[in-house]
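The residues of the chain are indexed from 1 along the displayed sequence.
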Amino acid sequence: MTEKEAKDHHGQVLVYTAPFHDVDRAVIDGRTEGFVKVLTDKKGQILGVHIVGEHAGELIQELVFAMHYGFPIGKISEVIHAYPTKVEGIRKAADVYWKERLFEGGMASMLKTISRFTR
């Protein structure tokens, strides 16, 4: 599903991207062109995936599996990935989901409030 199709069908769509220039295997290989982009609904359910770059056809399988079985993007972040491999790009995109949830929005506000009371 493209980003436009996802927005037309689901309304709000969240986008998590990891460029290959941030993936150690791509840097080692000198092939940093490309990215992993994952589209989710507000609950983290994967709506679509775009992978551009070398070995994209192989990399996308993990996310196809997750979509087929209804795993949210947060579950991808919990999987141990071989290192250094380009599949780390998928984990990095999933990690963006958790960074945003923890450091922006309601959770961040709650953590700041708690930290004020525990000083």
Side-chain angles (χ1 to χ4, degrees):
M1 183 177 290
T2 68
E3 194 169 341
K4 182 185 179 333
E5 290 170 338
K7 286 179 181 177
D8 290 347
H9 192 262
H10 295 276
Q12 182 184 8
V13 174
L14 304 173
V15 180
Y16 304 100
T17 305
F20 282 151
H21 64 75
D22 289 341
V23 177
D24 293 342
R25 178 83 258 166
V27 173
I28 291 167
D29 292 343
R31 304 300 300 250
T32 58
E33 309 84 16
F35 59 88
V36 175
K37 177 172 144 181
V38 182
L39 311 171
T40 73
D41 64 14
K42 62 185 177 182
K43 293 182 179 181
Q45 285 304 125
I46 301 169
L47 304 173
V49 177
H50 306 277
I51 300 179
V52 175
E54 191 174 53
H55 305 295
E58 296 166 17
L59 296 174
I60 203 165
Q61 293 308 308
E62 178 175 11
L63 292 163
V64 169
F65 179 86
M67 289 175 69
H68 179 78
Y69 287 102
F71 298 138
I73 191 170
K75 291 290 183 191
I76 301 297
S77 185
E78 296 173 10
V79 174
I80 296 171
H81 292 83
Y83 178 85
T85 61
K86 277 201 169 176
V87 78
E88 275 286 294
I90 293 170
R91 186 196 50 80
K92 285 181 177 283
D95 287 350
V96 173
Y97 166 81
W98 285 115
K99 287 176 188 172
E100 288 182 6
R101 298 221 21 150
L102 293 174
F103 300 111
E104 299 173 11
M107 181 64 82
S109 175
M110 182 179 74
L111 291 173
K112 287 176 188 174
T113 302
I114 291 170
S115 71
R116 276 187 274 178
F117 290 112
T118 59
R119 289 187 201 171

I'd like to know if [X] and [Y] make a salt bridge, using a cut-off of under 4.0 Å between side-chain N and carboxylate O.
X	Y	result
Glu88	Arg25	no
Lys37	Glu3	yes
Lys99	Asp95	no
Glu33	Arg31	yes

(message) Please determine whether side-chain contact (heavy atoms from CB on, under 4.5 Å) holds for the pair Leu39 and Val49, giving the CA-CA distance in whole Å, both sets of side-chain angles, and the decisive distance to 0.1 Å.
(response) CA-CA 6 Å; Leu39 311 171; Val49 177; over 6 Å; no
Between [X] and [Y], which heavy-atom pair has the shortest distance, and what is it?
X	Y	result
Met1	Ala6	SD-CA, 3.4 Å
Leu47	Val13	CD1-CG2, 4.3 Å
Ile73	Ala93	CD1-O, 4.1 Å
Ala66	Ile76	CB-CD1, 3.7 Å
Gln45	Pro72	OE1-CB, 3.5 Å
Thr17	Val96	O-CG2, 4.0 Å

Would you give the length of the straight line joining atom [atom1] of [X] to atom [atom2] of [Y], rounded to the nearest 0.5 angstrom?
X	Y	atom1	atom2	answer
Phe20	His55	CZ	NE2	9.5 Å
Leu59	Glu54	CG	CD	9.5 Å
Thr32	Lys86	OG1	NZ	8.5 Å

(message) Grouping I, L, V, M, F, W and Y whenever their side-chain heavy atoms are under 4.5 Å apart, do Leu14 and Met67 come out in a common cluster?
(response)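 They do share one cluster, since a chain of ILVMFWY contacts under 4.5 Å joins Leu14 to Met67.
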Checking [X] side chain against [Y] main chain: does a donor-acceptor pair fall under 3.5 Å?
X	Y	value
Gln12	Lys42	no
Glu5	Thr2	yes
Trp98	Ser77	no

(request) Please work out whether the ring planes of Tyr97 and Tyr16 are parallel, tilted or perpendicular, with thresholds of 30° and 60°. (result) perpendicular
(request) Could you give me the CA-CA distance, side-chain angles and deciding distance for Ile46 and Val38, then say whether side-chain contact (heavy atoms from CB on, under 4.5 Å) is met? (result) CA-CA 7 Å; Ile46 301 169; Val38 182; 4.0 Å; yes
(message) Walk me through whether Val87 and Arg91 qualify under side-chain contact (heavy atoms from CB on, under 4.5 Å).
(response) CA-CA 7 Å; Val87 78; Arg91 186 196 50 80; over 6 Å; no
(request) Would you mind telling me which of Val79, Thr85, Leu63, Val23 makes a side-chain contact (heavy atoms from CB on, under 4.5 Å) with Ile90? (result) Leu63
